[in-house]
Amino acid sequence: MIAFVSGPVAALAPDAAVVEVGGIGMAVQCTPNTLSGLRMGEQTKLATSLVVREDSLTLYGFADDDERQTFELLQTASGVGPRLAQAMLAVHSPDALRRAVASGDEKALTAVPGIGKKGAQKLLLELKDRLGEPVGSAGPAVGSPVTAAWRDQLHAALIGLGYATREADEAVGAVAPQAEAAVAEGGTPQVSQLLKAALQSLNRAR
């Protein structure tokens with residue numbers, strides 16, 4: 001198993017990064033939050049999980065070991081593969097998922113693309129004794145700050161989660177006032193919070 005990769009960031013894509021390790025470029029699938037903290041040419045260290053299939057070897061990367069462990073635990077539930085597990089971590093932090101499961105919060109799980117009401121109920125039952133108790137504060141998870149790039153980051157994240165370009169455009173427009181308000185107050189838009197708001201607006205539109 002490849003537990004982590006460490007080296008300069010050689011390339012960035014909407015859903016992946018390439019990290020140079022010993023002269024070899026390792027392609028790593030990452031969530032928008034993880035990608036927003038990476039910069040071209042800068043050193044990084046990502047916890048990783050290697051998913052082996054008959055026709056592929058895919059490396060998934062995470063900001064820390066907690067995210068990686070949660071990613072692997074999520075896949076112990078029936079019907080949850082690596083892409084759905086990654087989508088869950090794109091919308092919620094590990095602690096937010098633990099809180100959702102511990103409190104039986106169906107709405108939190110149905111905010112993830114690909115999870116309906118019945119699927120959420122099933123996941124709550126299966127994951128209840130697997131994820132453990134929340135370890136952080138009860139407040140919302142806060143992702144890495146980005147400034148002017150928030151539109152591109154958010155749009156790419158929505159496309160990566162399977163939404164059409166038109167839907168992504170509308171969702172970005174819906175949360176623009178929230179992002180602009182953060183800038184006006186001297187802060188920076190948070191991709192994770194904007195992604196949650198965008199997904200809520202898309203769910204209401206359906």
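Within the 4.5 Å cutoff, the side chain of L73 has no heavy atoms near those of the L127 side chain. Residues L97 and L109 meet the side-chain proximity criterion, which asks for heavy atoms closer than 4.5 Å. At a threshold of 4.5 Å between non-hydrogen side-chain atoms, the residues P94 and L89 count as touching. Between T58 and R53 there is no side-chain heavy-atom pair separated by less than 4.5 Å. Considering only heavy atoms from C-beta on, L12 stays 4.5 Å or farther from R39 through its side chain. Counting heavy atoms from C-beta on, the side chains of V18 and V9 never come closer than 4.5 Å. Contact check for V28 versus Y60: no side-chain heavy atoms found under the 4.5 Å cut-off. By the 4.5 Å heavy-atom criterion applied to side chains, L74 and L84 are not counted as neighbours.
Tracing side-chain contacts under 4.5 Å through hydrophobic residues (I, L, V, M, F, W, Y), one never reaches F4 starting from M26; they form parts of separate clusters. Under a hydrophobic clustering in which Ile, Leu, Val, Met, Phe, Trp and Tyr are joined whenever their side-chain heavy atoms come within less than 4.5 Å, directly or via other members, L194 and L35 fall into different clusters. Placement of V51 and V80 within a single hydrophobic cluster is found when ILVMFWY residues are connected by side-chain heavy-atom separations under 4.5 Å, directly or transitively.
The shortest heavy-atom contact between D65 and A47 is OD1-CB, 3.5 Å. Minimum interatomic distance between L199 and A111 (heavy atoms only, all atoms of both residues): CD1-O, 3.6 Å. Nearest heavy atom pair, residue V101 against residue L124, reads CA-CD2, 3.7 Å. Between A11 and M40, the shortest heavy-atom distance links the atoms CA-SD, 3.5 Å. Across V21 and S6, no two heavy atoms sit closer than the pair CG2-O, 3.8 Å. When all heavy atoms are compared, the tightest approach of A174 to P177 is O-CD, 3.6 Å.
Interatomic distance, CG of L158 versus CD of E170, reported as 11.5 Å (0.5 Å rounding). With rounding to the nearest 0.5 Å, the separation of CZ in R99 from CG in L131 is 12.5 Å. Separation of atoms OG (S201) and CD (Q178) is listed at 10.0 Å; rounding is to 0.5 Å. The CG atom of D15 lies 11.0 Å from the OG1 atom of T31; values are rounded to the nearest 0.5 Å. Going from atom CD of E20 over to atom CD of Q43 covers 9.0 Å, rounded to the nearest 0.5 Å. Summarising the geometry, atom OG belonging to S49 is positioned 7.5 Å from atom CZ belonging to R68; distances are rounded to the nearest 0.5 Å.
The closest donor-acceptor contact from the side chain of H92 to the backbone of A108 lies under 3.5 Å. Judged purely by atom type and a 3.5 angstrom limit, R130 uses its side chain to pair as donor or acceptor with the backbone of T76. Without hydrogens or angle criteria, T34 side chain to C30 main chain gives no donor-acceptor distance under 3.5 Å. Looking at E167, its side chain does come within 3.5 Å of a backbone N or O of A164 through a donor-acceptor pair. Between the T48 side chain and the I2 main chain, a donor and an acceptor come within less than 3.5 Å of each other. Distance alone, capped at 3.5 Å, is enough to place a donor-acceptor pair between the Q75 side chain and the F71 backbone. Judged purely by atom type and a 3.5 angstrom limit, R98 has no side-chain atom pairing as donor or acceptor with the backbone of T70.
No hydrogens or angles considered: a donor-acceptor pair under 3.5 Å links the side chains of E126 and S78. Looking at Q29 and Q86, their side chains never bring a donor and an acceptor atom within 3.5 Å of each other.
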Apply the test side-chain contact (heavy atoms from CB on, under 4.5 Å) to residues V5 and L59: give CA-CA distance (whole Å), side-chain angles for both, the deciding distance (0.1 Å), then the verdict. CA-CA 10 Å; V5 294; L59 199 60; 4.0 Å; yes
side-chain contact (heavy atoms from CB on, under 4.5 Å) between V19 and L38: does it pass, once the steps are laid out? CA-CA 10 Å; V19 179; L38 303 180; 5.8 Å; no
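At a threshold of 4.0 Å, the pair R166-D169 does not count as salt-bridged, since none of the basic side-chain nitrogens sits closer than that to a carboxylate oxygen.
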